[in-house]
Amino acid sequence: MDDPVEASLFVSWAHDDRAEKEALMARLAFGALSGVRLSWWEDSDLLLGADWHEEIQNRLAACDYGLLLVSPSYLASSYIRDVELPSLLGPGRGRGRALPVMLKKVPLDGSFDLRGLAARQIFTGAGGRAFTQTARSGRERFAVDLTGQIRSRVLRDAA
């Protein structure tokens, strides 16, 4: 059997969205994927006393993909706008490999500044719903579909 393709994710999220981020991440079945081994890092993993900005910079530089959990708070964050998005949307390792996910509903009608994400395909659930707009019973399907999309992207990029 072939070795799985390994990829690392930098989870980019707004701290106002902690509960929703945790609800989504708990449902992502990365360990069950066939042919892909995914690991992820988020700033919740920072160790006590760590230079948080330096650690984030190092993780951004080392990641293969950025999992962007888009919400109004996400788009309003100056740190995300000024540090994380430029690193994840530009050229280079992990850059240009942004995987945006609609965590909370953001209008795509031009009324919000999408900070460079307007040209990207943003993952939504059935009917174009954000994760938080998905009924509790449909959140498992949202997560399974998202996990499958991430797997497909990683395998395509590795080919």
Side-chain angles (χ1 to χ4, degrees), residues 1-18 20-47 50-71 73-104 106 108 113-125 130-132 134 139-159:
M1 180 172 227
D2 292 334
D3 289 332
V5 175
E6 294 192 25
S8 62
L9 301 172
F10 179 97
V11 181
S12 177
W13 60 287
H15 284 219
D16 288 348
D17 301 330
R18 178 179 300 277
E20 296 82 4
K21 181 264 306 178
E22 289 177 0
L24 174 61
M25 295 304 292
R27 289 173 168 83
L28 296 177
F30 291 153
L33 292 176
S34 171
V36 174
R37 182 175 301 138
L38 295 175
S39 61
W40 77 89
W41 185 88
E42 58 180 89
D43 64 2
S44 299
D45 297 331
L46 285 165
L47 297 176
D51 180 329
W52 62 268
H53 179 70
E54 181 180 344
E55 182 69 15
I56 289 171
Q57 291 292 311
N58 290 339
R59 296 294 182 150
L60 284 166
C63 74
D64 296 307
Y65 297 90
L67 184 63
L68 317 181
L69 304 184
V70 180
S71 71
S73 294
Y74 183 87
L75 296 172
S77 168
S78 60
Y79 192 82
I80 290 169
R81 178 189 66 234
D82 297 339
V83 176
E84 293 181 11
L85 284 177
S87 291
L88 295 167
L89 295 175
R93 181 181 173 90
R95 300 166 187 244
R97 291 191 174 184
L99 307 173
V101 177
M102 189 72 71
L103 184 67
K104 291 182 176 177
V106 174
L108 300 178
D113 180 352
L114 296 180
R115 311 284 186 209
L117 294 174
R120 305 285 177 143
Q121 181 64 37
I122 300 175
F123 180 86
T124 58
F131 178 71
T132 58
T134 305
R139 289 187 173 188
E140 299 300 327
R141 171 57 46 201
F142 186 103
V144 166
D145 291 348
L146 174 58
T147 305
Q149 289 287 318
I150 293 170
R151 176 185 180 272
S152 294
R153 176 68 190 269
V154 169
L155 289 174
R156 187 204 72 185
D157 289 347

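These values consider heavy atoms only, across backbone and side chains, with no hydrogens, waters or symmetry-generated copies.
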Arg153 side, atom CZ; Leu99 side, atom CG - distance, nearest 0.5 Å: 5.5 Å
Side-chain donor-acceptor pair present, Glu20, Thr132, cut-off under 3.5 Å: no
Polar side-chain atom of Arg115 near backbone of Leu75 as donor-acceptor pair, under 3.5 Å: yes
Residues Asp43, Glu55; criterion side chain to side chain contact (heavy atoms under 4.5 Å, CB included); working and verdict: CA-CA 9 Å; Asp43 64 2; Glu55 182 69 15; over 6 Å; no
Test item: Asp157 and Asp64 side chains (from C-beta on) under 4.5 Å apart, heavy atoms: no
Shortest non-hydrogen contact between Pro100 and Gln121, atoms and distance: CG-O, 3.5 Å
Side chain to side chain, Tyr65 and Ile150, heavy atoms closer than 4.5 Å: no
Derivation and outcome, side chain to side chain contact (heavy atoms under 4.5 Å, CB included), residues Leu103 and Trp13: CA-CA 9 Å; Leu103 184 67; Trp13 60 287; 5.8 Å; no
With sequence neighbours excluded, residues passing ring pair (Phe, Tyr, Trp, His ring centres under 6.0 Å) with Phe131: Phe142
Distance in Å, Ser73 OG paired with His15 NE2, rounded so as to fall on 0.5 Å steps: 11.5 Å
Approximate separation, where rounding is to 0.5 Å, of Glu22 CD and Arg27 CZ: 12.0 Å
Pairwise side-chain contact, Leu108 with Ile122, heavy-atom cut-off 4.5 Å (strictly under): yes
Under the ring pair (Phe, Tyr, Trp, His ring centres under 6.0 Å) test, residues paired with Phe30 that sit two or more places apart: Trp40
Those residues that, when tested against Arg81, pass side chain to side chain donor-acceptor pair (under 3.5 Å) (two or more places apart): none
Minimum heavy-atom distance Cys63-Ser8, with the two atoms named: CA-OG, 3.3 Å
Shortest non-hydrogen separation from Leu88 to Gly66 and the atoms involved: CD2-CA, 3.8 Å
Note, Arg151 side chain near Thr147 side chain (heavy atom, < 4.5 Å): no
Side chains of Leu38 and Leu33 in contact at under 4.5 Å (non-hydrogen atoms): yes
Student check: side-chain heavy atoms of Leu85 and Leu68 closer than 4.5 Å: yes
Nearest heavy-atom neighbours spanning Leu69 and Tyr74: O-CD1, 3.3 Å
Short side-chain to backbone donor-acceptor contact, Arg139 and Thr134, under 3.5 Å: yes
Minimum heavy-atom distance Ile80-Pro86, with the two atoms named: O-CD, 4.0 Å
Gap between atom CD of Glu42 and atom CE of Met25 - 0.5 Å precision: 6.0 Å
Side-chain touch Asp16/Ser77, heavy atoms, less than 4.5 angstrom: no
Geometric class of the Tyr79/His53 ring pair [parallel <30°, tilted 30-60°, perpendicular >60°]: perpendicular
Close side-chain approach of Asp3 and Arg37, heavy atoms under 4.5 Å: no
